[in-house]
Amino acid sequence: MSGVATTLIKNSSMLGKFNKEFLVLEIDERSLRNIFKVLPAKNLCITNLQKDQVQRNGDPDFIYQMFKNAVNKDVTLFVNNEEPRSRSLEDYVGKTVYYSLEKNSKTFTKDDFYSVTMPCPKCNHKIEYEYYNIENIGKFKCSNCDYKSTDEPDVLITDIDFDNHTFKCDDNKYEVSYINPFYIYNYALTIAICKKFDIKFEDIQKGFSTFVNPANRRETYKYHGKTIRYLRIKQENPETLQNALDTVARDKTKKALWMGLYEIKDFPPAYTNTFYFFDCDFKKVVNDTVEKYVCFSKTVSYDTANRMLYAGADKDKISIYDVEDDFDKIFEELDKLETDNIYIITGMKPYKKIKLFLEKGDNNE
Amino acid sequence: MNNVINVAWMYPDVLNLHGERGNAKAFEIVAKKMNVNLNIDRIDNIDEIIDFEKYDILLFNAGELKVINEISNILNNQIEKLKDYIESNKVILVTGTTGALFANKINRLDGTTFNGLNIFDMDVSERDMVIGDDLYFEFENMEIMGSQIQMIDINLKSVNPLGKIKYGYGNNGSNSEGAKYKNTIFTNELGPVLVKNPWMAEYLIELALKNKNIEYEKIKLDYELELKSLESTKEFINQKIIA
């Protein structure tokens with residue numbers, strides 16, 4: 001709440017008049033109710049309502065009820081057409097704007113016996129996906145009621161060209177720096193909002209061209225002649241872990257994978273949640289192109305290794321380091337590997353220390 | 001009678017919160033280690049009439065309270081057959097908030113209530129604050145380790161608890177964890193609890209084998225990785241207690 005007040009004060013005159021055309025606030029899901037009471041926004045965007053920080057947010061329906069009780073019929077809701085849960089808040093607002101992606105080259109399906117979806121937010125029966133654009137987001141329909149993603153969304157992204165970083169919307173061709181399905185959904189939302197406020201293509205394109213993500217979670221290092229691709233995840237969040245695994249899986253060349261999935265220390269008490277591993281599909285990174293899997297962290301390295309075994313990894317390819325921050329030890333096998341192509345996946349906790357370790361290694365060469 | 005243990009994985013998409021599909025996979029993997037023939041059927045449609053005679057183990061993973069209400073209404077239409085299943089010592093594993101399905105009455109935060117299946121003599125109240133922590137308890141001389149994201153408080157009446165807490169919140173912050181009636185077993189631990197505790201999967205399969213009069217010569221299984229995980233988590237918990 002104090003952040004919202006500060007933003008308003010910083011953008012107001014001495015007489016207390018807000019001096020900008022638009023106010024865009026990114027609100028923590030749990031704060032929405034309280035902020036809505038004092039700032040009853042007419043336009044609300046919900047990008048997704050999936051599991052995140054379960055230690056404080058609990059089940060998604062716990063947060064859903066907070067959203068449901070906060071919104072009203074004066075609100076225009078901007079939602080992802082292909083995310084069943086947040087989309088279903090359409091029943092509680094005055095108007096809904098749906099944004100969507102066309103099926104594209106990164107679209108995928110699931111047919112594994114152990115693949116699972118989610119309950120319909122309207123009738124609690126099984127949601128079926130025709131395809132996915134991102135984990136748990138894609139063209140869907142309920143197996144029981146008539147709830148489904150619409151084939152005629154208000155904003156539809158088409159002609160996605162991942163190689164050339166372009167896509168189309170309403171016959172306008174956009175060029176962007178960052179391109180993956182997650183980003184494209186966010187571009188679609190941006191276009192939907194801009195359309196509502198008559199912001200033209202040229203201005204939107206200018207925004208996309210100059211956009212820099214200050215919290216990019218991907219970095220590349222050189223260390224002992226190896227190329228290290230460091231993918232950071234939001235710990236405990238299965239979607240970001242899956243995105244990292246998908247990135248590794250898309251690389252069809254020889255590689256090795258270091259995974260440092262630590263215990264969770266976001267809020268007291270710290271705990272050893274590893275259940276989100278099983279929300280993710282590790283099979284995608286289990287194949288002959290991977291020379292070595294290294295699982296490290298003081299407490300949950302054994303659970304990480306076990307998850308790899310459950311996905312079918314060869315036990316002989318797995319090394320376990322139940323140590324914390326001893327990176328000389330954790331990376332001791334690096335020089336012995338044939339491959340020069342190394343991936344590291346960790347949460348935020350060890351990031352600075354690993355970065356320092358890798359940079360120091362560069363200086364020593 | 002055949003030599004196959006049949007598992008019904010109840011509503012895998014609807015009772016799916018925290019990677020619980022790992023429990024079904026754990027049954028497959030542990031049974032393979034035990035040299036036991038085990039078949040898993042998915043019951044995808046919550047309206048499906050369950051062939052209780054066919055199954056030896058029912059797996060009810062963690063789900064949200066709103067879906068528990070729906071499932072309770074549907075299963076209450078088959079309640080006599082479900083009770084016969086339970087009374088004949090067949091096995092049910094229930095995890096997380098889905099424990100509410102087997103309770104008497106469930107009180108929701110919005111003031112509404114709904115009835116469970118009255119299998120466990122216990123009442124359930126939805127919490128207004130989430131409790132997320134490790135949960136470590138003992139049951140049948142087994143150490144069970146995992147996590148709980150507790151959305152409900154459970155008040156046991158005449159039903160026995162499943163185990164005694166060594167660390168964690170359990171049913172309601174007292175030292176009781178879960179509930180057990182015959183071979184219907186409920187734990188607040190959620191996620192792939194059988195992956196972390198394969199000895200529990202082995203125990204449940206053994207119960208099903210015994211119940212079906214299938215001869216089984218117990219063999220010592222290799223749980224090296226899981227035992228190391230247990231020890232490292234116990235050390236982590238000890239550090240929390242000291243701090």
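A, B, ... follow the sequence lines: proteins, then strands. Residue 1 opens every chain.
- Remark: B:Lys25 NZ to A:Phe278 CZ distance equals 9.0 Å, nearest 0.5 Å.
- Of the atoms belonging to A:Thr299, heavy atoms from both backbone and side chain fall under 4.5 Å from chain B.
- Considering only heavy atoms from C-beta on, B:Leu225 comes within 4.5 Å of A:Ile320 through its side chain.
- For a residue to count as touching a neighbouring chain, one of its non-hydrogen atoms must lie under 4.5 Å from one of that chain's; by this rule B:Ala26 touches chain A with backbone and side chain alike.
- Looking at B:Asp44, the atoms closer than 4.5 Å to chain A (heavy atoms on both sides) sit in the backbone and in the side chain alike.
- Contact count against chain A (heavy-atom pairs under 4.5 Å) is highest for B:Glu70 among B:Glu126, B:Glu70, B:Gln239.
- With a threshold of 4.5 angstrom between heavy atoms, A:Ile264 does not approach chain B through any atom at all.
- Of the N and O atoms on the side chains of B:Ser229 and A:Asp303, at least one donor lies less than 3.5 Å from an acceptor on the other residue.
- Looking only at atom types and distance, the side chain of B:Glu28 has a donor-acceptor partner in the side chain of A:Tyr114 under 3.5 Å away.
- Only the side chain of B:Ile29 comes within contact range of chain A, judged by heavy atoms closer than 4.5 Å.
- With chain A as partner, the option from B:Ile237, B:Val195, B:Thr233 having the largest number of non-hydrogen pairs under 4.5 angstrom is B:Val195.
- Closest approach of B:Val130 and A:Val54 over heavy atoms only: CG1-O, 3.6 Å.
- A side-chain contact (heavy atoms from CB on, under 4.5 Å) with A:His125 holds for exactly one of B:Val67, B:Asn45, B:Val14; it is B:Asn45.
- When all heavy atoms are compared, the tightest approach of B:Ser147 to A:Phe275 is CB-CE2, 3.8 Å.
- At a 4.5 Å heavy-atom cutoff, the contact between B:Asp128 and chain A is made by backbone atoms alone.
- Checked by atom type, the side-chain pair A:Asp322/B:Ser232 shows no donor-acceptor distance below 3.5 Å.
- With a 4.5 Å cut-off on side-chain heavy atoms, A:Tyr271 and B:Ile149 count as touching.
- Residue contact with chain A, scored on non-hydrogen atoms closer than 4.5 Å, is absent for B:Glu20.
- Nearest approach of B:Leu17 to A:Pro60, heavy atoms of both residues: CD2-CD, 3.9 Å.
- Residue B:Lys228 touches chain A through both its backbone and its side chain, counting heavy-atom pairs closer than 4.5 Å.
- Contact annotation for B:Lys196: only side-chain heavy atoms (C-beta onward) come within less than 4.5 Å of a heavy atom of chain A.
- Nearest heavy atoms, B:His18 versus A:Asp279: C-OD1, 3.8 Å.
- Residue contact with chain B, scored on non-hydrogen atoms closer than 4.5 Å, is absent for A:Pro268.
- Both the backbone and the side chain of A:Phe113 come within less than 4.5 Å of a heavy atom in chain B.
- Interface remark: A:Asn57 contributes backbone atoms only to the contact with chain B (heavy atom separation under 4.5 Å).
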